[in-house]
Colleague: 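One structure is given below, represented as structure tokens, and several questions about it will come after.
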Amino acid sequence: MTLSQCLLRIFRLLAVFLLIGSACGTAAIAGGVEDAPRRFIGGKLYEQQNDRECKGIGTAFAKDLKLMALFSNAFYDAGNQLHLCFHIFADAGAMPQDMVYQISDQDGHLLDALSPPVSSSPVPLSGCTVMDIYFEDYNQDGITDILLGIRCFKAQEQGAAVGQGDSVVYLSSVSENTIWLRQREDVNRAIASLSDYGQTEEVIRSVLSKDAVPAP
């Protein structure tokens with residue numbers, strides 16, 4: 001066998017291995033990997049370019065809290081002209097009401113601890129977790145607000161997961177020259193089961209402006 005024939009055989013073997021790998025990957029996606037719920041971070045005031053600094057701070061905070069860092073994301077607070085980090089910490093399998101929510105600056109100083117999400121559901125929901133985070137100025141006061149997209153997934157007999165939302169928003173308010181991020185029950189109730197961000201944002205702004213809430 002000549003050298004060229006040997007190389008040709010090697011290339012053919014490599015091509016076969018690549019095809020097998022591609023088929024396995026496609027099978028994994030078809031088996032549900034691609035369809036798994038995805039987390040999304042966004043909003044006009046989200047600073048993705050600073051996430052690395054926030055993740056380092058979150059890792060240090062998590063070690064002190066003896067919890068896992070689920071989220072550590074950067075955002076800009078135009079009202080204070082500060083670059084900040086929003087962190088969520090939890091034990092494995094914890095519900096959103098049992099998680100720890102903190103805001104720090106990007107030098108690693110803790111600035112605020114937020115109260116856990118207030119559920120608007122009359123019955124306890126199971127299998128809930130924070131899926132999405134948006135940084136926006138919903139009440140248009142120049143201070144960043146934070147929306148948490150909470151999804152509650154319940155296993156069905158056929159093995160599929162059906163989502164039910166319990167989303168909440170932290171809105172800025174100023175009291176005694178101090179800025180607070182607090183929840184409003186009427187707003188939380190209006191957005192709880194919404195999963196589309198465009199509709200959720202519209203409902204938040206409608207409630208805040210005392211307009212009629214758009215129909216789902």
Side-chain angles (χ1 to χ4, degrees), residues 37-58 61 69-89 96 99 101-118 120 129-151 163 165-175 177-216:
R38 295 179 178 180
R39 288 187 163 95
F40 183 81
I41 315 296
K44 294 177 183 177
L45 297 168
Y46 173 43
E47 293 189 321
Q48 184 177 8
Q49 70 274 15
N50 293 335
D51 270 355
R52 179 174 295 183
E53 288 78 2
C54 291
K55 292 183 187 303
I57 294 167
F61 282 7
L70 300 184
F71 293 90
S72 286
N73 298 102
F75 68 98
Y76 181 64
D77 184 19
N80 294 297
Q81 297 184 347
L82 292 174
H83 300 275
L84 304 176
C85 302
F86 177 63
H87 310 279
I88 302 180
F89 307 98
M99 297 177 183
Y101 304 82
Q102 295 182 344
I103 293 177
S104 73
D105 62 23
Q106 293 184 13
D107 291 323
H109 302 109
L110 179 63
L111 301 180
D112 195 10
L114 304 183
S115 60
V118 177
S120 60
T129 189
V130 178
M131 294 299 296
D132 309 313
I133 303 175
Y134 295 88
F135 301 100
E136 292 273 3
D137 181 13
Y138 297 110
N139 54 10
Q140 298 180 339
D141 63 354
I143 305 169
T144 304
D145 308 307
I146 301 174
L147 169 67
L148 302 183
I150 296 175
R151 305 287 172 261
D166 202 21
S167 301
V168 301
V169 63
Y170 293 85
L171 298 166
S172 58
S173 62
V174 180
S175 176
N177 296 321
T178 301
I179 296 173
W180 305 90
L181 284 175
R182 296 292 181 261
Q183 301 171 69
R184 271 180 45 176
E185 290 186 15
D186 59 334
V187 181
N188 283 359
R189 190 164 51 249
I191 67 171
S193 61
L194 301 178
S195 58
D196 177 75
Y197 176 70
Q199 185 182 25
T200 302
E201 180 181 19
E202 183 181 0
V203 169
I204 292 172
R205 297 190 189 280
S206 294
V207 174
L208 294 177
S209 64
K210 302 187 185 302
D211 291 336
V213 178

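Side chains are part of it too, since the values below use all heavy atoms of this structure and drop only hydrogens, waters and symmetry mates. All figures in this text were calculated on a predicted structure; none of them were measured in a lab.
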Colleague: Would you please classify the geometry between the Tyr170 ring and the Tyr101 ring as parallel, tilted or perpendicular, with 30° and 60° separating the classes?
Modeller: tilted
Colleague: Applying side chain to side chain contact (heavy atoms under 4.5 Å, CB included) to Ile146 and Ile133, what does each step give before you reach the verdict?
Modeller: CA-CA 7 Å; Ile146 301 174; Ile133 303 175; 4.0 Å; yes
Colleague: Please report the shortest heavy-atom distance between Gln106 and Leu84, naming the atom on each side.
Modeller: NE2-O, 3.2 Å
Colleague: Answer yes or no: is there a donor N or O on one side and an acceptor on the other, between the side chain of Asn188 and the main chain of Ile191, under 3.5 Å?
Modeller: no
Colleague: When you check the side-chain N and O atoms of Asp196 and Gln199, is any donor under 3.5 Å from an acceptor?
Modeller: no
Colleague: Examine the side chains of Arg182 and Ser172 and answer whether a donor and an acceptor come within less than 3.5 Å of each other.
Modeller: no
Colleague: Are Glu136 and Ile204 packed together at the side-chain level, in the sense that at least one heavy-atom pair is separated by less than 4.5 angstrom?
Modeller: no
Colleague: Does Glu185 reach the side chain of Ser120, with side-chain heavy atoms less than 4.5 Å apart?
Modeller: no
Colleague: What distance separates Ile150 CD1 from Met99 CE, expressed to the nearest 0.5 Å?
Modeller: 8.0 Å
Colleague: Ser104 side chain to Leu111 main-chain N or O, any donor-acceptor pair under 3.5 Å?
Modeller: no
Colleague: Rounded to the nearest 0.5 Å, how far does CG of Asp105 lie from CG of Leu82?
Modeller: 7.5 Å
Colleague: What is the distance from atom CG of Asp137 to atom CG of Leu45, rounded to the nearest 0.5 Å?
Modeller: 7.0 Å
Colleague: Tell me if a side-chain donor or acceptor on Gln183 pairs with a main-chain N or O of Pro116 at a distance below 3.5 Å.
Modeller: yes
Colleague: Can Glu201 and Leu147 be said to form a side chain to side chain contact (heavy atoms under 4.5 Å, CB included), step by step?
Modeller: CA-CA 9 Å; Glu201 180 181 19; Leu147 169 67; over 6 Å; no
Colleague: Look up atom CG in Leu194 and atom OG1 in Thr200, then write down how far apart they are to the nearest 0.5 Å.
Modeller: 4.5 Å
Colleague: One pair to check against side chain to side chain contact (heavy atoms under 4.5 Å, CB included): Glu53 and Cys85. What are the steps and the verdict?
Modeller: CA-CA 9 Å; Glu53 288 78 2; Cys85 302; 5.7 Å; no
Colleague: Taking C-beta and beyond as the side chain, do Phe71 and Ile41 meet within less than 4.5 Å on heavy atoms?
Modeller: yes
Colleague: Nearest 0.5 Å please: distance from the CG atom of Asp77 over to the CD atom of Glu47.
Modeller: 10.0 Å
Colleague: Nearest 0.5 Å, what's the CZ-OG distance between Arg52 and Ser72?
Modeller: 14.0 Å
Colleague: Checking the side chain of Arg205 only, and the main-chain atoms of Tyr138 only, is there a donor and an acceptor separated by less than 3.5 Å?
Modeller: yes
Colleague: Is the distance between the ring centroids of Tyr76 and Phe135 under 6.0 Å?
Modeller: no
Colleague: Stepwise, does the side chain to side chain contact (heavy atoms under 4.5 Å, CB included) test hold for Leu208 with Gln140?
Modeller: CA-CA 10 Å; Leu208 294 177; Gln140 298 180 339; over 6 Å; no
Colleague: I want to check something: taking the side chain as every heavy atom from C-beta on, are Pro96 and Leu148 in contact at a cut-off of under 4.5 Å?
Modeller: no
Colleague: Do Asn73 side-chain atoms and Phe86 backbone N/O form a donor-acceptor pair below 3.5 Å?
Modeller: no
Colleague: Would you find more than 12 non-hydrogen atoms of other residues, nucleotides or ligands less than 6.0 Å from Gln49 atom CD?
Modeller: yes
